[in-house]
Each structure stands twice: as C-alpha cells, then as structure tokens.
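Notes for the one structure printed next.
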Amino acid sequence: AQSVTQPDIHITVSEGASLELRCNYSYGATPYLFWYVQSPGQGLQLLLKYFSGDTLVQGIKGFEAEFKRSQSSFNLRKPSVHWSDAAEYFCAVGAGNNNDMRFGAGTRLTVKP
Amino acid sequence: NAGVTQTPKFRVLKTGQSMTLLCAQDMNHEYMYWYRQDPGMGLRLIHYSVGEGTTAKGEVPDGYNVSRLKKQNFLLGLESAAPSQTSVYFCASSYSTGAGGTQYFGPGTRLLVL
C-alpha cells in the first residue's frame, strides 16, 4: 500500500517569510497527491491536488506544490506566510482509487508576528 | 449548502457503552468515508462506502460497524466502546474516486471513552 511521510512535526516561521512543508510518498505508480489544511477544531480543507500534467500545481490561499517523481516528493510552498496560515497541514496520497487514501502524520505550522 | 455535517460534535462514553455517529452530505456524492484522527498519526480510514447499501473495510475497521441505508447518510457504530477508541472522527464524501475524487470533510466528532 502507499504511504506518506511528513518529516517535520512542527515548523515555526515569521510572518512574511517563505514556507516549505515537506512530503515524501511511497507508491509504485503515479500517485494522486493532495495537501489539506486543518484549522483548530475544524475539518480538513483541500489546498491543492496533483493527478497528472504540469508538476507545479497552484492551490487556494496562495499555496503551490511541486511533484518531483525522482525524489518521490510533493512539497508545499508559499512565498509569504500570513498569520492566518497557522494550522496543521496534511499531505495525502491516493492509489488507483481514493478508497485507500493514506495521510501523513501532519505538520503543525506556527506563525510568529 | 451545508456540505458534510456530523452529529454529535462531542461525546463522552463509558467503556462498554454503544453509540452511533451520524454523517450527512447534501452534495449527492456516491462515496463516503469514516476516518479517525489520533495525535501523530494523521487520519486513518475506518470504513467507506461506494454507494447506497454498500460498505467496505478500511485500514482500521476493528470495533466499528457502518451502514449506508440512504445515499446522503453514513453511520458509524461502536457496539462496545473501548478507551482505545478515544479519538476525533471525521466523515468525508466524494463524487467519485481516482482523479475526480476530491474528498470533502465534515467538522469532526470528538469522542472520549472513559
């Protein structure tokens, strides 16, 4: 089965600084890749997804992610972080269908004023 | 348009008690899912349904049962709750799987089993 690793449990960045959250996956074929964000006490909201085509995908709230097959990575980036971006971020990988989508353990983002 | 709703938001159970969590979606989605979220472990799939009247096991199905009698509802049951089932439970739905299968999540149900 596919799997996801998010190496960073917690990241702190200053407001206005750039952000990169790491995600590595394990899957034999081309995966379906997702980034979700979870604000405290809330459900998960989709930020962006990759299925095929252009390896740089744009999402909501100014986020983007790049699929790198050679590195089995799908890192999330944002050029300038806002205080409202403080949340937990989950990377997920789907196989041939989404009935078995696997989530990473999450990265908690703290934004310093 | 409410999207995915979950009832209740919070519940405390004693070991051995039973309860049912309700998930409802108004997007006419075929696929529905139940996940549990535990600290440091992300979300893990408990059971899912690919359509009305169908259910299937996910990654961690033991101790749970589900039913999908109506397309818009997906129920998760705990017949005899255990402290290990203390968790936050999320329901999700999607229109399809694969490339079209973006999952939409409910706000979660926090369950504490004493």
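Listed here is the closest heavy atom pair of B:Trp34 and B:Leu75: NE1-C, 3.7 Å. For A:Asp85 against A:Val111, the heavy-atom pair with the smallest separation is C-CG2, 4.4 Å.
Between chain B and the options A:Glu88, A:Gln45, A:Gln38, heavy-atom pairs under 4.5 Å are most frequent for A:Gln38.
Aromatic ring pairs are classed by plane angle as parallel below 30°, tilted from 30° to 60° and perpendicular above 60°; the pair A:Phe103 and B:Tyr35 is perpendicular.
Partner of B:Ser94 under the side chain to side chain donor-acceptor pair (under 3.5 Å) criterion, chosen from B:Tyr104, B:Tyr33, B:Tyr31: B:Tyr33.
Only the side chain of B:Gln37 has a heavy atom closer than 4.5 Å to any heavy atom of chain A. No part of A:Ile9 comes within reach of chain B, as not one of its non-hydrogen atoms sits under 4.5 angstrom from that chain. Heavy-atom distances place the side chain of A:Arg102, and not its backbone, under 4.5 Å from chain B. Only the side chain of A:Tyr36 comes within contact range of chain B, judged by heavy atoms closer than 4.5 Å.
In terms of the side chain to side chain contact (heavy atoms under 4.5 Å, CB included) criterion, residue partners of A:Ala87 (sequence neighbours excluded) are, by chain and number, A:Val37, A:Ser39, A:Tyr89.
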